[in-house]
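One structure below.
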Protein chains: 2
Amino acid sequence: MATKKIPKATAKRLPIYYRYLSVLLSANKRRVSSTELSEAVQVDSATIRRDFSYFGELGKRGYGYDVESLLNFFKGILNQDTLTSVALVGVGALGSALLNYNFHQDTNLRISAAFDTKPELANTVKSGIPIYPASEMQKQIKEQQIDAVILTVPSSTSQKVADQLVSVGVKGILNFTPVRLSVPKNVQVQNIDLTNELQTLIYFIKNYAENNPE
Amino acid sequence: MATKKIPKATAKRLPIYYRYLSVLLSANKRRVSSTELSEAVQVDSATIRRDFSYFGELGKRGYGYDVESLLNFFKGILNQDTLTSVALVGVGALGSALLNYNFHQDTNLRISAAFDTKPELANTVKSGIPIYPASEMQKQIKEQQIDAVILTVPSSTSQKVADQLVSVGVKGILNFTPVRLSVPKNVQVQNIDLTNELQTLIYFIKNYAENNPE
DNA sequence: CCTCTATTGTGAACACTTAAACAAAATTAT
DNA sequence: ATAATTTTGTTTAAGTGTTCACAATAGAGG
């Protein structure tokens with residue numbers, strides 16, 4: 001394991017830091033303090049320093065952090081020095097939008113294959129990504145050694161598809177279906193439930209008017 | 001304010017409970033225990049009981065919870081007894097997919113208007129939702145008294161658009177752009193950063209693999 | 001009726017997360 | 001060179017969230 005146990009809350013903020021550091025580097029900023037970072041990413045400066053400290057002493061007292069070396073450090077932590085290929089399963093409206101989404105612009109991530117059951121989509125190319133028939137899903141995922149998949153199939157089939165993916169070695173699923181997938185403990189699931197997010201937002205509007213959650 | 005202070009973590013789980021209770025009711029289940037719920041939604045049963053207890057004593061000892069009355073109770077809590085209209089700003093690939101997404105199927109939420117700067121989209125209808133030119137955004141939002149907005153514009157304009165929305169009384173933004181919006185404290189922002197989610201998933205795969213297949 | 005069983009609701013312990021505060025250390029100014 | 005300033009890294013404390021464990025209690029079965 002590359003690093004020792006980083007708190008989950010910290011891990012979830014790493015991409016936020018990474019992105020903002022890229023912005024700073026593009027703007028030719030040499031150094032940055034935790035206070036400056038704090039304003040931009042809206043995380044308390046003490047939390048930022050604490051987060052960084054899990055990885056060692058990355059800054060200099062009285063100076064701050066060197067943008068370029070910090071960015072390079074996180075590049076390693078976030079596996080951004082090698083290209084990671086992911087697959088997308090379910091080329092409906094949302095799936096198509098994600099095929100078109102430029103993950104590769106900000107990160108060293110790309111969707112290298114998509115799968116769908118609709119015969120008319122089989123063996124076509126969308127946003128530069130080949131779409132294979134569902135029947136080839138397991139074979140392709142094994143061959144391409146893909147271990148992360150974006151799941152945008154209908155809810156009714158999501159558990160079945162997840163089982164198939166797990167059986168060919170997929171280790172992580174970005175699950176856009178509202179179903180709470182049941183998978184082995186060594187498989188990571190990240191849920192993005194759009195309806196829930198919207199419902200939660202409305203709830204917060206009505207009930208937390210004074211505060212600023214998240 | 002409808003309810004006393006509900007912990008944020010609890011609030012975020014309410015839509016999950018709500019959805020599963022709907023499923024149970026459709027399946028004509030009369031009663032459910034926290035243990036059963038726990039398996040379905042993958043939240044510890046004690047956590048479920050604690051969550052419910054913030055709203056009072058909703059269950060019966062030795063029996064569990066009555067599905068229908070619990071569902072109706074949460075329906076009120078989650079403002080599901082009245083229709084809530086939201087707007088969508090930015091009809092690109094992702095915006096279009098969300099216009100097509102059937103929020104109204106599971107919830108009493110619908111997108112009632114969309115806005116975009118592209119002249120060719122102005123005054124057209126997509127997935128049954130009217131698209132207005134950006135110039136009419138503030139007027140329409142005021143007139144329709146919309147207080148929640150889905151933001152799917154390019155990053156470069158997101159803060160500017162957010163400011164415009166806030167100035168006409170928008171109280172909540174579901175922000176799909178990677179920019180951390182700066183808004184007054186009484187405005188809620190819920191961020192969905194697709195790149196971050198994918199990056200975090202990859203990080204978890206590499207660093208939190210427990211290697212305990214079931 | 002009484003006994004047995006199931007399951008809640010919650011006090012208390014534990015775990016995780018955030019943030020205040022400040023000594024230590026490096027930079028910057030004089 | 002020295003003093004003033006800045007800003008880190010970390011100690012400590014407070015705040016949030018989760019889970020255990022069990023008394024309290026409702027329902028079911030004699």
Side-chain angles (χ1 to χ4, degrees), chain A residues 3-14 16-17 21 24 29-67 69-71 73-74 180 185 200 203-204 207-208 210-214, chain B residues 3-17 21 24 29-67 69-71 73-74 180 185 200 204 207-208 210:
Chain A
T3 44
K4 42 183 161 193
K5 209 51 193 275
I6 305 301
K8 262 193 157 164
T10 296
K12 288 189 179 173
R13 283 187 292 264
L14 298 180
I16 300 173
Y17 301 143
L21 289 169
L24 288 179
K29 271 274 255 163
R30 282 284 177 79
R31 55 188 269 190
V32 67
S33 69
S34 57
T35 315
E36 265 178 281
L37 267 174
S38 173
E39 274 160 38
V41 302
Q42 294 173 31
V43 173
D44 185 273
S45 68
T47 300
I48 292 177
R49 294 197 299 279
R50 160 84 63 224
D51 283 348
F52 290 0
S53 78
Y54 291 115
F55 299 96
E57 307 207 351
L58 306 180
K60 279 188 206 161
R61 288 162 198 243
Y63 178 91
Y65 302 88
D66 180 82
V67 171
S69 58
L70 191 58
L71 182 66
F73 183 81
F74 282 128
R180 310 282 285 189
K185 279 204 270 314
T200 302
Y203 180 83
F204 283 155
N207 298 280
Y208 289 71
E210 302 307 310
N211 311 335
N212 218 339
E214 163 119 18
Chain B
T3 44
K4 270 289 147 215
K5 201 55 195 278
I6 305 300
K8 228 166 53 182
T10 296
K12 288 189 179 175
R13 283 187 290 263
L14 297 180
I16 300 173
Y17 300 143
L21 288 169
L24 289 179
K29 270 275 255 162
R30 281 286 177 80
R31 55 189 268 193
V32 66
S33 69
S34 58
T35 315
E36 264 178 282
L37 267 173
S38 173
E39 275 160 37
V41 301
Q42 295 174 29
V43 173
D44 185 274
S45 67
T47 300
I48 292 177
R49 293 197 300 279
R50 168 83 60 206
D51 283 347
F52 290 0
S53 77
Y54 292 115
F55 299 96
E57 308 207 350
L58 305 180
K60 282 185 202 164
R61 288 160 198 247
Y63 178 91
Y65 302 88
D66 181 82
V67 172
S69 58
L70 191 57
L71 181 66
F73 183 80
F74 281 129
R180 310 283 286 188
K185 275 206 290 292
T200 302
F204 283 158
N207 297 281
Y208 290 72
E210 317 253 299

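Chain letters run A, B, ... following the sequence lines, proteins first and then strands; every chain starts at 1.
Within the cation-pi definition used here (under 6.0 Å to the ring centroid, within 45° of the axis), B:Lys12 does not qualify as a partner of A:Tyr203.
Residue B:Ser34 places at least one side-chain N or O under 4.0 Å from the OP1 or OP2 atom of C:dT8. At the phosphate of D:dA26, neither OP1 nor OP2 sits under 4.0 Å from any side-chain N or O atom of B:Arg31. For B:Lys60 and D:dG27, the shortest distance from a side-chain N or O to OP1 or OP2 is below 4.0 Å. Between D:dG9 and A:Tyr65, a contact under 4.0 Å exists linking OP1 or OP2 to a side-chain N or O.
Taken residue by residue, residues 42-52 of chain B places heavy atoms nearer than 4.0 Å to DNA chain D at B:Asp44, B:Ala46, B:Thr47, B:Arg49, B:Arg50.
Rounded to whole Å, the distance from CG on B:Leu58 to P on D:dA26 is 15 Å. Atom CD of A:Glu36 is separated from atom C1' of D:dT8 by 14 Å (rounded to the nearest Å). In this structure, the CD1 atom of A:Ile6 is 12 Å from the P atom of C:dT17, given to the nearest Å. Remark: C1' of C:dA24 and CD of A:Glu57 are 10 Å apart, rounded to the nearest angstrom. The distance between atom OH of A:Tyr63 and atom P of C:dA29, rounded to the nearest whole Å, is 13 Å. In this structure, CZ of A:Arg61 is placed 16 Å from P of C:dC22, rounded to the nearest angstrom. Nucleotide C:dC16 holds its P atom 11 Å from the NZ atom of A:Lys8, rounded to whole Å. Look at CG on B:Asp66: it is 16 Å from P on D:dA26, rounded to the nearest Å.
Counting heavy atoms from C-beta outward, A:Ile48 and A:Tyr65 have side chains that stay 4.5 Å or more apart.
In terms of heavy-atom proximity, A:Val43 sits nearest to A:Ser38 at O-OG, 2.6 Å. Contact detail for A:Ile6 and A:Ala11: the closest heavy-atom pair is CG2-N, 4.2 Å.
For the atom pair CG of A:Leu71 and CG of A:Leu24, the computed distance is 9.0 Å after rounding to the nearest 0.5 Å. To the nearest 0.5 Å, atom CG of residue B:Leu21 and atom NZ of residue B:Lys29 are 11.0 Å apart. Separating the CD atom in A:Glu36 from the OG atom in A:Ser45 is a distance of 11.5 Å, to the nearest 0.5 Å. For the atom pair CZ of B:Phe74 and CG of B:Leu58, the computed distance is 6.0 Å after rounding to the nearest 0.5 Å.
Classification of the A:Tyr17-A:Phe52 ring pair by plane angle, with boundaries at 30° and 60°, yields perpendicular.
Helical stems in DNA chain D, defined as runs of 3 or more consecutive Watson-Crick or G-U wobble pairs with both donor-acceptor distances under 3.5 Å, are listed by first residue as C:1-30 with D:1-30.
At the heavy-atom level, A:Thr35 lies nowhere under 4.0 Å from the strands shown.
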